[in-house]
Amino acid sequence: MRKIRLYIASSLDGYIARTSGDVDWLFTDQDYGYAEFLTQINTVIMGKKTYQQILSFGEYPYKDKQGIVLSTSLSGQTDENVQFVGGHLQEFISTLRQSVGGDIWLVGGSKTIHDFMKHGFVDELILSIHPIILGDGIPLIVKDPSIETALELQDVKNYNSGLLQVTYQVKSKRNCSDVE
């Protein structure tokens, strides 16, 4: 079965973007394992706001991957990069996981991460912690006791830039039977 892997960066205080959505604080001075990670992925899933932000950076970077954007308002549509999926996701995610292919990258954003954590869809979390405190922004994890999830540390990499990359396996998914 294909794994769903959340590979994402955050500030030390747990934000994935500024309140405006800007990610100008992210390090781009080296690869940080991204290229190797990308070779293991053939599907990317993200929310509509994250997709729109990625498009604002220029050319869509995942043209060689199956692209899925979660959006109720655009569900059933496609564009040159992705298909839009909305509604109840349990059956869709189950079918996707059992299809042939590499792992699935949960790109973001915050609401999508919350939904996937709440429903027990995430198998692995790779978090690149940047040595910056933003003080405010879009949180990696939205406060919600229903997403309590035990994690098992798999790896820690530290870089000269001060970035820490922590890999966790999801140990127990508290509410995976509560999917709507």
Side-chain angles (χ1 to χ4, degrees), residues 1-10 16 31-55 57 59-72 74-129 140-142 144 146-157 164-180:
M1 182 172 355
R2 299 167 68 189
K3 291 192 307 185
I4 296 178
R5 303 167 75 189
L6 173 59
Y7 181 95
I8 196 160
S10 83
I16 58 174
D31 179 72
Y32 296 106
Y34 176 75
E36 180 184 347
F37 171 79
L38 213 51
T39 65
Q40 302 164 18
I41 300 299
N42 79 334
T43 303
V44 295
I45 296 179
M46 65 196 84
K48 185 170 76 171
K49 287 182 186 176
T50 299
Y51 180 58
Q52 290 169 338
Q53 182 179 32
I54 289 170
L55 291 178
F57 297 150
E59 187 176 337
Y60 182 71
Y62 314 118
K63 288 193 179 288
D64 62 334
K65 313 286 181 199
Q66 176 187 16
I68 299 165
V69 172
L70 304 180
S71 170
T72 305
L74 298 174
S75 183
Q77 298 181 37
T78 60
D79 69 15
E80 64 276 8
N81 304 312
V82 301
Q83 75 180 88
F84 296 92
V85 175
H88 300 291
L89 294 178
Q90 183 177 14
E91 185 177 330
F92 177 78
I93 295 299
S94 178
T95 301
L96 184 63
R97 285 181 156 196
Q98 298 197 29
S99 65
V100 175
D103 288 341
I104 302 160
W105 177 14
L106 175 56
V107 179
S110 190
K111 181 186 179 322
T112 302
I113 293 167
H114 176 266
D115 290 345
F116 273 58
M117 293 300 294
K118 183 174 182 171
H119 299 307
F121 295 150
V122 177
D123 299 298
E124 182 180 65
L125 190 151
I126 303 167
L127 180 62
S128 296
I129 305 166
L140 169 63
I141 304 294
V142 177
D144 178 356
S146 75
I147 66 168
E148 180 179 321
T149 305
L151 305 172
E152 182 178 322
L153 181 65
Q154 298 294 306
D155 191 24
V156 178
K157 294 177 183 163
L164 292 175
Q165 191 171 73
V166 186
T167 302
Y168 292 100
Q169 200 69 34
V170 172
K171 200 168 156 182
S172 68
K173 305 168 188 177
R174 183 172 177 215
N175 286 329
C176 57
S177 64
D178 295 342
V179 178
E180 298 171 353

So do the side chains of I104 and F121 get within less than 4.5 Å of each other, counting heavy atoms only? no

Spell out, as yes or no, whether a donor-acceptor pair under 3.5 Å connects the side chain of T72 to the backbone of G86. no

Do M46 and T112 have side chains that get closer than 4.5 Å, going by heavy atoms? no

Option among K48, K49, Q77 that satisfies the side chain to side chain contact (heavy atoms under 4.5 Å, CB included) test with S71: K48

Is the shortest side-chain heavy-atom distance between V166 and I126 below 4.5 Å? no

Would you say the side chain of V69 lies within less than 4.5 Å of the side chain of L74, judging by non-hydrogen atoms? no

Only one of H119, K118, K111 passes side chain to side chain donor-acceptor pair (under 3.5 Å) with D115; say which it is. K111

Which label fits Y60 and Y62: parallel for a plane angle under 30°, tilted from 30 to 60°, or perpendicular past 60°? perpendicular

Check G102 against R2 and note the closest heavy-atom contact, atom names and distance. O-NE, 2.5 Å

Gap separating the CE atom of M117 from the CG atom of L125, nearest 0.5 angstrom: 6.5 Å

Student check: side-chain heavy atoms of I45 and L96 closer than 4.5 Å: yes

How close do K3 and D123 get, heavy atom to heavy atom, and via which atoms? CA-OD2, 3.3 Å

Output the distance between atom CG (L140) and atom OG (S110), rounded to the nearest 0.5 Å. 7.0 Å

Are side-chain heavy atoms of L38 and K65 found at a separation under 4.5 Å? yes

How long is the gap from OG1 on T50 to CD1 on I113, to the nearest 0.5 Å? 7.5 Å

Say whether, by atom type as modelled, one donor and one acceptor occur between the side chain of T95 and the main chain of E91 under 3.5 angstrom. yes

At what distance, to the nearest 0.5 angstrom, does CG of L106 lie from OG1 of T43? 12.0 Å

Set of residues satisfying salt bridge (Lys or Arg N to Asp or Glu O under 4.0 Å) with respect to R5, sequence neighbours excluded: D103, E124

I'd like to check the side-chain contact (heavy atoms from CB on, under 4.5 Å) partners of D79; sequence neighbours left out, ordered by chain and number. Y51, N81, V82, F84

Rounded to the nearest 0.5 Å, what's the gap from CD1 on I4 to CZ on F116? Could you check? 5.0 Å

Verdict with supporting geometry, L127 and I8, side chain to side chain contact (heavy atoms under 4.5 Å, CB included): CA-CA 5 Å; L127 180 62; I8 196 160; 4.0 Å; yes

From NE2 (H114) to CD1 (I141), nearest 0.5 Å: 8.5 Å

Would you please classify the geometry between the Y7 ring and the F37 ring as parallel, tilted or perpendicular, with 30° and 60° separating the classes? parallel

Answer with yes or no whether the side chains of Q83 and T78 bring together a donor and an acceptor at under 3.5 Å. no

